[in-house]
Amino acid sequence: MRAYDPSEIEPKWADRWEAEDLYLASEDPDDPRPRFYALDMFSYPSGDLHMGHLEAYSGGDAVARFAAMRGNNVLHPIGWDSFGLNAENAAIKRGVDPKEWTYANIDQQAASYRRLGMSFDWTRRLHTSDPEYYRWTQWLFLRFFERGLAYRKNAPVNWCPKDQTVLANEQVINGACERCGTPVVRRDLTQWFFRITDYAQRLLDDAAALVGWPERVLTMQRNWIGRSEGASVTFEIAETGDEVEVFTTRPDTLWGVTFFVFAVEHPLVATLAERGGTRDLVEPVLEKVRATPLTVREEADTTEGVPLGVHAVNPVNGERIPVFVAPYVLMEYGTGAVMGVPAHDQRDFEFARAHRLPIRVVVQPEGEERDPETMTEAYDHEGVMVNSGPFDGVRSPASIGKVVDWLEEQGKGKAAVTFRLRDWLISRQRYWGPPIPIVHCPVHGEVAVPDDQLPVELPPDVDFRPGGESPLARHEAFVHTTCPIGGEPATRDTDTLDTFVDSSWYYFRYCSPHDDAAPFDGDVVERWMPVDQYVGGVEHAILHLLYSRFFTKVLFDMGMVTFTEPMLRLMNQGQVIYEGASMSKTKGNIVEPMPLVERWGADSMRLAILFAGPFEDDIDWKAVAPDPDRRPGVTSWLGRVYAAVTEAAERDARDPEPLRRLVHRTIRGVTNDMERFRFNVAISKMQVLSNEMRATLDAGGGAREASTALVLLLAPLAPFIAEELWREVLGNEASVHTSPWPAFDEELAREERVTLVVQVDGKVRDRIEVAPDAGEEDCRELALASEKVARSIDGREVRQVIVRPPRLVNVVTAR
RNA sequence: GCCGGGGUGAUGGAACUGGCAGACAUGAUGGCCUCAAAAGCCAUUGCGCGAGAGCGCGUGCGGGUUCGAAUCCCGCCCCCGGCACCA
């Protein structure tokens, strides 16, 4: 008998599957099968595949194959997110063209995907760096521009000094660049933004309907959007008459305001300092803050700040209060100015103590008396309003709504909602991205490049090394053009679009990847989308996934699609780590998957990674596959499966009854597990079945039915060996991957004999085999007849007998 | 601080709605095969006591509900992830 040899099986089937067009999604409108869109997050072409890819795509492929076997017309595409800093930096480091480097990596990854046996529809392959693709990225940008959703403004932005480009807020992780980890600094620059804040409320509201998404992703998005409810209240500067709005979540504490604070960057600060005669005092603070990186700024001292020498008038009681400028107030949030309520806000409290400002309690805890003199911290819990004019005696925070109504009546303020979410900064001062299709005309201003002139192609002969400005700006022939409206000499915008713009719509493009009249064919998109199952890393929870939801809503508003959410279900695979730490070059702990695939086979590595633990949990490779030179456990198991199925195929005997029952139980269990991404549990059930097959064969029995079922169940997870056994050993004509998923017989799946557990006072004392339909009386009698039970009862009085046929009897005695 | 998710043998992890804790693996130990090794096969493997049948203990800690709790409730501790002078 031949031994299991993946190196012989796997390349053979990879070729044949492609020759047989096994994984093409059908666009036939008469195809009766339900459509299923199985989407994997596409990859950055930064070298060959790593362990993270192996895990994500093994899971995604299992989903797609399982869906196909269950009778769906499956769309399972693949492509590359091939623009971006990653590719560009790597290319610069190696002194090669980003394009060359990128496409070489794409070819390598594509070869690896084939080697792994991924069931992709290769006819839909796309690369975001292809002009055929980014033409439509630019086209979509222009539609956003037309609708006022893409705009340019001067603003303080995050700048990565190493990558020499601006970053979106979402790309700043703990104050550092998402790509390279360099601490980000602040710069005032004119940049392009997408008006995602217009969609903040809808992004929040619709998240509630995403029941197929992991809770943590939705939570992260909610935190990121950061909705706060409260009131906006207008204060007047006594000396100048300037009106300044502030946002507060606690309008009930308005009577406790004893000072007023501006953010350092607030536009009024300079003139107010002038007026207050405090310019010499204020200027050093401004200088200091401007020079401080954002990361350090966040730890700014709450006691820091200087008076501006002017006063604000509290609209609720007409009091004049001193005005300050302090770094603890942020220009980015709210209005860049706050009212200071030291008695009820900890930061204000600390500031007031440092500057010897009065503290006035306006919410008293019930039955207590807070004395401003002796308070050591702000009181921010519930209580009764005092010193609050018309609201004395009203309970807070229940009073907030009433205060807001009152403010509106009095014309002093109104209900307001503030979001933490900022507009999405989409321009980048780098080469390797889609040029922004805008012409700057001295007469007409920002002018869209006409659609028929798209794409604005990236010129190949650019010195693309970063220099703080866009490399395209150094390319004279690119820069100089004429205005599309009046023909005047004009210049092209030289920034490129963030990669996350490319990836915000690629899953639409897969539906009609070769359309040259539109980014996608609306009718085809209607048939496939929304995506039925999306699989990818949680690191995109507030980047790609939020942006994609935003794009879909904009496309809906444009009438291009009829749905508002792009993905119905989302599953995040965990990370593959090593000895508790993420794999990285600097730690030297990277395990490359492809050499292991060459050595032990694609099926083995796919199974090994899916069997290692729950799909969404991190996997410590050190713990599951410690010795790279030792044969992995799953490889041995596949060898046993191969042997068992081969042996069973040569035998005429029918499967004995107990094995048949196990087969049907296994089908039921594995089906359930596959639906819930519980690949590790599914595999363990198959192992139980194969162990039983071995025992049956050794006892001279047949295992043909078991073999058929096992091979079908294994197909989504280990596609090569399943195909080999299905066609070559079991003698089927058609591919296992187009065969129907096995059905189970409910009757057979029921246990023939079940173990009746007999407890005495909750402790297991005996186990008795009974028929599954054993009744309550039978179970009670059997249990009480047990000698072990009698011994445990030890003559005590039996108080109660709880019977749960056919699984359990609990005899309760008088103790 | 706020929000989300966790804590089960030496290890990865099972245990559908409360009902046999530790499935399935990995590792380890012993044995078979072999000149030897690898591969393979068999046995044992939660902890403690016991020659054994068996008994006791055991799912982060402390309480509670229940005939019965890894699972439900209350109070803690710890770990992971996200957000954070957010007004």
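In what follows, every chain begins at residue 1, and chains take the letters A, B, ... in the order their sequences are listed.
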Colleague: Using OP1 and OP2 only, check whether a side-chain N or O of A:S636 sits under 4.0 Å from B:rG40.
Modeller: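 Yes, A:S636 has a side-chain N/O under 4.0 Å of OP1/OP2 on B:rG40.
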
Colleague: To the nearest Å, give me how far apart CG (A:N691) and C1' (B:rC24) are.
Modeller: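 Atom-to-atom, A:N691 to B:rC24, this comes out as 8 Å.
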
Colleague: Go through B:rG4, B:rC41, B:rC83 for me and flag the one nearest to the A:R640 side chain.
Modeller: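 Minimum distance to the A:R640 side chain belongs to B:rC41.
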
Colleague: Tell me what A:E350 touches on the nucleic acid: a base, only sugar-phosphate, or nothing, going by heavy atoms under 4.0 Å.
Modeller: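 Here A:E350 touches no strand at all.
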
Colleague: Counting just side-chain N and O atoms, does A:R420 come under 4.0 Å of either OP1 or OP2 of B:rA87?
Modeller: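 A:R420 to B:rA87 OP1/OP2: no side-chain N or O under 4.0 Å.
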
Colleague: Taking the side chain of A:R630 as heavy atoms from C-beta outward, which of B:rC20, B:rG27, B:rC86 is closest to it?
Modeller: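 Nearest to the side-chain atoms of A:R630, counting from C-beta on, is B:rG27.
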
Colleague: Would you mind telling me which of B:rG68, B:rA21, B:rC83 lies closest to the side-chain atoms of A:N810?
Modeller: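 Within the option list, the nearest is B:rG68.
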
Colleague: If we take the P atom in both B:rC3 and B:rU11, what is their distance in whole Å?
Modeller: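 Comparing P positions in B:rC3 and B:rU11 gives a spacing of 32 Å.
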
Colleague: Pair A:S232, A:E245 - check side chain to side chain donor-acceptor pair (under 3.5 Å), show working.
Modeller: CA-CA 6 Å; A:S232 88; A:E245 243 183 82; 3.3 Å; yes

Colleague: Quantified in whole Å, what is the P atom distance between nucleotide B:rG63 and nucleotide B:rC57?
Modeller: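 That atom pair is separated by 15 Å.
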
Colleague: Expressed as a whole number of Å, how far does the P atom of B:rA28 sit from that of B:rA38?
Modeller: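 One P to the other, the span is 11 Å.
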
Colleague: When all nucleic acid strands are considered with a 4.0 Å heavy-atom cut-off, which category describes A:P214: base, sugar-phosphate, or nothing?
Modeller: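 No contact.
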
Colleague: For B:rC16 versus B:rG12, give the span between their C1' atoms, rounded off to a whole number of Å.
Modeller: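 Straight-line distance between the two C1' atoms is 22 Å.
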
Colleague: Take atom CH2 of A:W637 and atom P of B:rA39, then tell me their distance rounded to the nearest Å.
Modeller: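 In whole Å, B:rA39 P lies 20 Å from A:W637 CH2.
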
Colleague: Quick one: which of B:rG19, B:rA87, B:rG56 gets closest to the side chain of A:R765?
Modeller: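 Of all the options, the side chain of A:R765 is nearest to B:rG56.
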
Colleague: If you check the A:R631 side chain, which of B:rA87, B:rC24, B:rA39 turns out closest?
Modeller: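 The answer is B:rA39.
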
Colleague: Closer than 4.0 angstrom, basic N to acidic O: yes or no for A:E350 and A:R353?
Modeller: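 The answer is no: the pair does not qualify as a salt bridge.
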
Colleague: Using the C1' atom on both, measure B:rA15 against B:rG58 and round to a whole Å.
Modeller: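 Approximately 16 Å lies between the C1' atom of B:rA15 and that of B:rG58.
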
Colleague: Please report the distance separating the P of B:rG1 from the corresponding atom of B:rU71, rounded so that it comes out in whole Å.
Modeller: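 Approximately 26 Å lies between the P atom of B:rG1 and that of B:rU71.
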
Colleague: Once the angle between the rings of A:F235 and A:F260 is folded into 0 to 90°, is it parallel (under 30°), tilted (30 to 60°) or perpendicular (over 60°)?
Modeller: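 Answer is tilted, since the angle falls between 30° and 60°.
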
Colleague: Assign B:rG30 to syn or anti; the rule is syn for a glycosidic angle within 90° of 0 and anti otherwise.
Modeller: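 Anti conformation for B:rG30.
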
Colleague: In whole Å, what is the span from the CZ atom of A:F679 to the P atom of B:rA23?
Modeller: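 It works out to 23 Å between those atoms.
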
Colleague: Nearest to the side chain of A:R678 - B:rA25, B:rA14, B:rC83?
Modeller: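 Looking only at heavy atoms from C-beta outward on A:R678, the closest nucleotide is B:rA14.
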
Colleague: Closest to the A:Q687 side chain: B:rG12, B:rC86, B:rA25?
Modeller: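 In terms of side-chain proximity for A:Q687, the closest of B:rG12, B:rC86, B:rA25 is B:rA25.
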
Colleague: So A:W424 and A:Y547, would you call those rings parallel, tilted or perpendicular, with 30° and 60° as cut-offs?
Modeller: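 Taking A:Y547 first and then A:W424, their aromatic rings lie parallel (interplane angle under 30°).
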
Colleague: Got a sec: does the CD of A:E229 have more than 12 other heavy atoms crowding it under 6.0 Å?
Modeller: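 Open.
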
Colleague: If you find the nucleotide of RNA chain B closest to A:N672 and the one closest to A:G633, which residue's nucleotide is nearer the 5' end?
Modeller: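 Taking each residue's closest nucleotide, the earlier one in sequence belongs to A:N672.
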
Colleague: Mind telling me whether A:Y379 and A:H344 have parallel, tilted or perpendicular rings, with 30° and 60° as the class edges?
Modeller: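 Perpendicular, since the angle between the ring planes exceeds 60°.
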
Colleague: Output the rounded distance in Å from NZ (A:K685) to C1' (B:rG13).
Modeller: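 A:K685 atom NZ is separated from B:rG13 atom C1' by 13 Å.
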
Colleague: OP1 or OP2 of B:rC86 versus the side-chain N and O atoms of A:R227: is any pair under 4.0 Å?
Modeller: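 So the side-chain polar atoms of A:R227 never come under 4.0 Å of the phosphate oxygens OP1 or OP2 of B:rC86.
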
Colleague: Please, what dot-bracket string fits RNA chain B when only Watson-Crick and G-U pairs with both distances under 3.5 Å count, crossing ones use [ ] and pairs to another strand use |?
Modeller: (((((((..(((......[....)))((((((.......))))))((((....))))..(((((..]....))))))))))))....

Colleague: Output a table of donor-acceptor pairs, distance under 3.5 Å, between side-chain atoms of residues 537-544 of chain A and any protein atom two or more places apart or on a different chain; print 'none' if there are none.
Modeller:
residue : atom : partner : partner atom : Å
A:H544  : ND1  : A:S503  : O            : 3.3
A:H544  : ND1  : A:S548  : OG           : 3.2
A:H544  : NE2  : A:Y534  : OH           : 2.6

Colleague: Is the shortest side-chain N/O distance from A:S228 to OP1 or OP2 of B:rA87 below 4.0 Å?
Modeller: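 For B:rA87, OP1 or OP2 has a side-chain N or O of A:S228 closer than 4.0 Å.
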
Colleague: Can you measure A:Q346 atom CD to B:rC2 atom P for me and round it to whole angstrom units?
Modeller: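 For the pair A:Q346 CD and B:rC2 P, the rounded distance is 14 Å.
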
Colleague: Taking atom C1' in both B:rU17 and B:rA70, compute the distance separating them and give it to the nearest angstrom.
Modeller: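 B:rU17 and B:rA70 have their C1' atoms separated by 16 Å.
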
Colleague: Using a strict 4.0 Å threshold on nitrogen-to-oxygen distance, state whether A:E215 and A:R222 make a salt bridge.
Modeller: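 Yes.
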
Colleague: When the distance from CD1 of A:I768 to P of B:rG19 is rounded to whole Å, what number comes out?
Modeller: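 Nearest whole value for this atom pair: 20 Å.
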
Colleague: Using a heavy-atom cut-off of 4.0 Å across all strands, would you classify A:R216 as base, sugar-phosphate, or nothing?
Modeller: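 It contacts sugar-phosphate atoms only.
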
Colleague: Please tell me which of the listed nucleotides, B:rA25, B:rG4, B:rC67, lies nearest to the side chain of A:V812?
Modeller: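 For A:V812, the side-chain atoms sit closest to B:rC67.
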
Colleague: So, A:D618 side chain and A:Q575 main chain: donor-acceptor pair closer than 3.5 Å or not?
Modeller: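 Present.
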
Colleague: Can you measure A:M220 atom CE to B:rG82 atom P for me and round it to whole angstrom units?
Modeller: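 Nearest whole value for this atom pair: 6 Å.
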
Colleague: If you compare every side-chain N and O of A:N680 against the phosphate oxygens of B:rA14 (OP1, OP2), does one of them come in below 4.0 Å?
Modeller: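 Yes, within the criterion.
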
Colleague: Do the side chains of A:D673 and A:K685 get close enough for a salt bridge, i.e. N-O under 4.0 angstrom?
Modeller: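 Salt bridge between A:D673 and A:K685, a charged N being under 4.0 Å from a carboxylate O: yes.
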
Colleague: Could you check which of B:rC24, B:rA39, B:rC86 has an atom nearest any side-chain atom of A:V688?
Modeller: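 Closest nucleotide among those given: B:rC24.
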
Colleague: RNA chain B: A:G334 or A:E215, which has the more 5' nearest nucleotide?
Modeller: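 Its nearest nucleotide lies further toward 5', so the answer is A:E215.
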
Colleague: Could you work out which one of B:rG82, B:rG19, B:rA87 sits closest to the side chain of A:T249?
Modeller: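 Looking only at side-chain atoms, A:T249 lies closest to B:rA87.
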
Colleague: What distance, rounded to whole Å, do you find between the two P atoms, one in B:rG54 and one in B:rU44?
Modeller: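 Approximately 16 Å lies between the P atom of B:rG54 and that of B:rU44.
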
Colleague: Within this structure, what is the CZ-to-C1' distance between A:R767 and B:rG19, rounded to whole angstrom?
Modeller: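 To the nearest whole Å, that distance equals 13 Å.
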
